[in-house]
Amino acid sequence: MSVNNKRVFYVKYLANPIYIDILKARPDVRLDRIENESPEDFYAPILSAAHVYQIGAARDELAPHFHVDAAFLKRTPKLLLVSSNGAGFDPVDVEACTDAGVLVVNQSGGNAHSVAEHALAMMLTLSKRIIQSDRRLRRERDVNRNELVGNEVEGKTIGIIGLGNVGRRIAALCKGLLGMTVLAYDPYLSAEVMAERGGEKVELDELLRRADFVSISCPLNKGSRNMISVREFALMQPHAYFITTARGFIHDEDALLQALRDKRIAGAGLDVWSKEPPPPEHPLLQFDNVLASPHTAGVTIEARQNMGRIAAEQVLDVLDGKRPPRVINPEVWPRYAERFKQAFGVMPG
């Protein structure tokens, strides 16, 4: 087996050190680390020799010149694979990768339990008005508990937008644990598949009109960008809560701000933002009925270890000529396969 002839690099972060442990067990793989602040004379040779880029999933944690776009791909002529640390892949221009014959994979499903539990925790905290109670106790004396009456979630309706790995887990928890009705909007799934995953397939407008809680669990793409804006918030019921653990830019923050100011909805649970983390003076953080977290829904010990393991296994699958299970751009495969053969002398399976 050749030593260090397969080159992998990452910038600043990995999901978990288990990734390093798994790759270091392979003498044919070399793993390089680059910092956001690394000088060009250090990182340029690494980029030019790399076959795999293990990229962070959070766009604002990664220096812009390490985001994958057409210009970046010109600096990585041997690159075969871009592998996201998470389920999302915001810093990656997938179309540019496809044009360049580069495979893109994510680690979808690796943090599904953590993200679903976070969404459920937000729903319960908002419904029971725990966050408002906590804040008032810290600011006031003799708080009147009758001003903080909450609601049970049993028997209520949750509308889940995106019934993939996370959405189906939220559906299972809400339906099985809490006895809720589950509506779901996902244009990529049939009614039969959605029923198997615990949701009743409806159109987006119907979901927004009927749901007591609206939960976003879909990926960010051209079709979902600004999917929830002024019109959509206006369709929601005044007592309904908006929760998102997906990606910033799927909902319009200005539209949400206005909906809260006008009391058109009851509140929101926000784990994702257009700028992450949001500054303390962000207007949405000034509402007591907004529960906020800095994109930490999938950040648990268990999820990080799982994501690191899955990422390492997918990278090794690719370097061993196998087809990985979580391909974002499957249409690139024929061209990618030819490039793989040029690099390693064999066609991938």
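This structure is a prediction, so every number in the text was calculated from the model and none was measured.
Between the side chain of Q107 and the backbone N or O of R326, no donor-acceptor pair lies under 3.5 Å. Panel note: side chain R339, backbone G101; a donor-acceptor pair is recorded below 3.5 Å. Judged by distance alone, with hydrogens and angles left aside, the side-chain atoms of S224 form a donor-acceptor pair with the main-chain N or O of P219 at under 3.5 Å. Under the 3.5 Å distance criterion, the side-chain polar atoms of T125 are matched with a main-chain donor or acceptor of A121. Panel note: side chain N111, backbone A303; no donor-acceptor pair is recorded below 3.5 Å. Remark: side-chain polar atoms of N85 are not paired, donor with acceptor, to backbone N or O of A57 under 3.5 angstrom. For the pair N329 (side chain) and V332 (backbone), a donor-acceptor distance under 3.5 Å is absent. Although no hydrogens or angles enter the test, the distance criterion places a donor-acceptor pair under 3.5 Å between the side chain of K201 and the main chain of L189. Judged by distance alone, with hydrogens and angles left aside, the side-chain atoms of D262 form no donor-acceptor pair with the main-chain N or O of R264 at under 3.5 Å. Between the side chain of E117 and the main chain of I170, no donor-acceptor pair closer than 3.5 Å is present.
The side-chain heavy atoms of E61 and E276, taken from C-beta on, include no pair separated by under 4.5 Å. Residues T76 and Y53 are not in side-chain contact: their nearest non-hydrogen atoms beyond the backbone lie 4.5 Å or more apart. By the 4.5 Å heavy-atom criterion applied to side chains, V8 and L319 are counted as neighbours. Proximity of Q132 to N289: side-chain heavy atoms (C-beta onward) are separated by under 4.5 Å at one or more points. Proximity of H118 to T296: side-chain heavy atoms (C-beta onward) are separated by under 4.5 Å at one or more points. Looking at heavy atoms from C-beta onward, R225 lies in side-chain contact with L220 at the 4.5 angstrom threshold. Proximity of Y185 to C218: side-chain heavy atoms (C-beta onward) are nowhere separated by under 4.5 Å. Taking the side chain as every heavy atom from C-beta outward, I265 and L256 approach each other to under 4.5 Å.
Environment of CD in Q286: crowded, with over 12 heavy atoms of neighbouring residues, nucleotides or ligands closer than 6.0 Å. No more than 12 heavy atoms of other residues, nucleotides or ligands sit less than 6.0 Å from atom CD of E203.
The two residues G269 and L126 make their nearest non-hydrogen contact at N-CD1, 3.6 Å. Taking every heavy atom of both residues into account, D186 and G164 meet most closely at OD2-N, 4.3 Å. Summarising the geometry of P325 relative to Q314, their closest heavy-atom pair is CD-OE1, 3.2 Å, with the distance given to 0.1 Å. Taking both residues in full, the closest heavy atoms of S217 and V166 are given as OG-CG1, 3.9 Å, listed atom of the first, atom of the second, then distance. Taking both residues in full, the closest heavy atoms of L163 and M194 are given as CD2-O, 3.7 Å, listed atom of the first, atom of the second, then distance. Minimum interatomic distance between D60 and S274 (heavy atoms only, all atoms of both residues): OD2-O, 4.2 Å.
From I160, atom CD1 reaches atom NZ of K175 across 10.0 Å, with rounding to the nearest 0.5 Å. Taking CD of E232 as the start and CG of N226 as the end, the distance is 9.5 Å to the nearest 0.5 Å. Between Q305 atom CD and R309 atom CZ the span is 8.5 Å, to the nearest 0.5 Å.
Under the side-chain contact (heavy atoms from CB on, under 4.5 Å) criterion, R304 pairs with A15, N16, V299, sequence neighbours left out. R168 is linked by a side-chain contact (heavy atoms from CB on, under 4.5 Å) to R197, counting only residues two or more places apart in sequence or in another chain.
I158 and V214 end up in different hydrophobic clusters when Ile, Leu, Val, Met, Phe, Trp and Tyr side chains are linked at under 4.5 Å. Under a hydrophobic clustering in which Ile, Leu, Val, Met, Phe, Trp and Tyr are joined whenever their side-chain heavy atoms come within less than 4.5 Å, directly or via other members, L284 and Y241 fall into different clusters. Cluster membership check: V92 does not share its hydrophobic cluster with V272, using side-chain heavy-atom separations under 4.5 Å among Ile, Leu, Val, Met, Phe, Trp and Tyr. Residues L285 and F242 are members of one and the same hydrophobic cluster, defined by side-chain heavy-atom contacts under 4.5 angstrom among Ile, Leu, Val, Met, Phe, Trp and Tyr. Residues V182 and F213 are members of one and the same hydrophobic cluster, defined by side-chain heavy-atom contacts under 4.5 angstrom among Ile, Leu, Val, Met, Phe, Trp and Tyr.
The list of salt bridge (charged side-chain N to carboxylate O under 4.0 Å, His left out) pairs with a residue in residues 278-303, not counting sequence neighbours, reads R135-D288, R139-D288. Under the salt bridge (charged side-chain N to carboxylate O under 4.0 Å, His left out) criterion, the residue pairs touching residues 147-164 are R136-E147, with sequence neighbours excluded. Residue pairs meeting the ring-ring contact (aromatic ring centres under 6.0 Å, His included) criterion with at least one partner in residues 275-326, sequence neighbours excluded, are W273-H282.
In this pair, F66 and F72 present their aromatic rings perpendicular. The plane angle is above 60°, beyond the 30 to 60° band.
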Apply side chain to side chain contact (heavy atoms under 4.5 Å, CB included) to residues L270 and E253 and explain how you reach the verdict.
CA-CA 10 Å; L270 307 175; E253 289 185 357; over 6 Å; no

Should L177 and L120 be marked as a side chain to side chain contact (heavy atoms under 4.5 Å, CB included) after you check the CA-CA gap, both sets of side-chain angles, and the distance that decides it?
CA-CA 11 Å; L177 182 65; L120 185 66; 4.3 Å; yes

Mind running side chain to side chain contact (heavy atoms under 4.5 Å, CB included) on L316 and V29 for me, showing each step along the way?
CA-CA 9 Å; L316 292 181; V29 176; 4.1 Å; yes

How far apart are the C-alpha atoms of S127 and N151, what are their side-chain angles, what is the distance that settles it, and do they pass the side chain to side chain donor-acceptor pair (under 3.5 Å) test?
CA-CA 5 Å; S127 183; N151 287 282; 5.1 Å; no

Check step by step if side chain to side chain contact (heavy atoms under 4.5 Å, CB included) holds for V104 and V68.
CA-CA 11 Å; V104 180; V68 177; over 6 Å; no

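Between R231 and D205 there is a salt bridge, since at least one side-chain N of the basic residue sits less than 4.0 Å from a carboxylate O of the acidic one.
With respect to H51, the ring pair (Phe, Tyr, Trp, His ring centres under 6.0 Å) criterion is satisfied by exactly one of F9, F344, F340: F344.
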Considering only distance and modelled atom types, tabulate donor-acceptor pairs under 3.5 Å from the side chains of residues 38-50, sequence neighbours left out.
| from | atom 1 | to | atom 2 | distance (Å) |
| --- | --- | --- | --- | --- |
| S38 | OG | E35 | N | 2.8 |
| S38 | OG | E35 | O | 3.2 |
| E40 | OE2 | R75 | NH2 | 2.5 |
| S48 | OG | A44 | O | 3.4 |
| S48 | OG | P45 | O | 2.9 |

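S293 and D271 form a side-chain donor-acceptor contact under 3.5 Å, judged by distance and modelled atom types alone.
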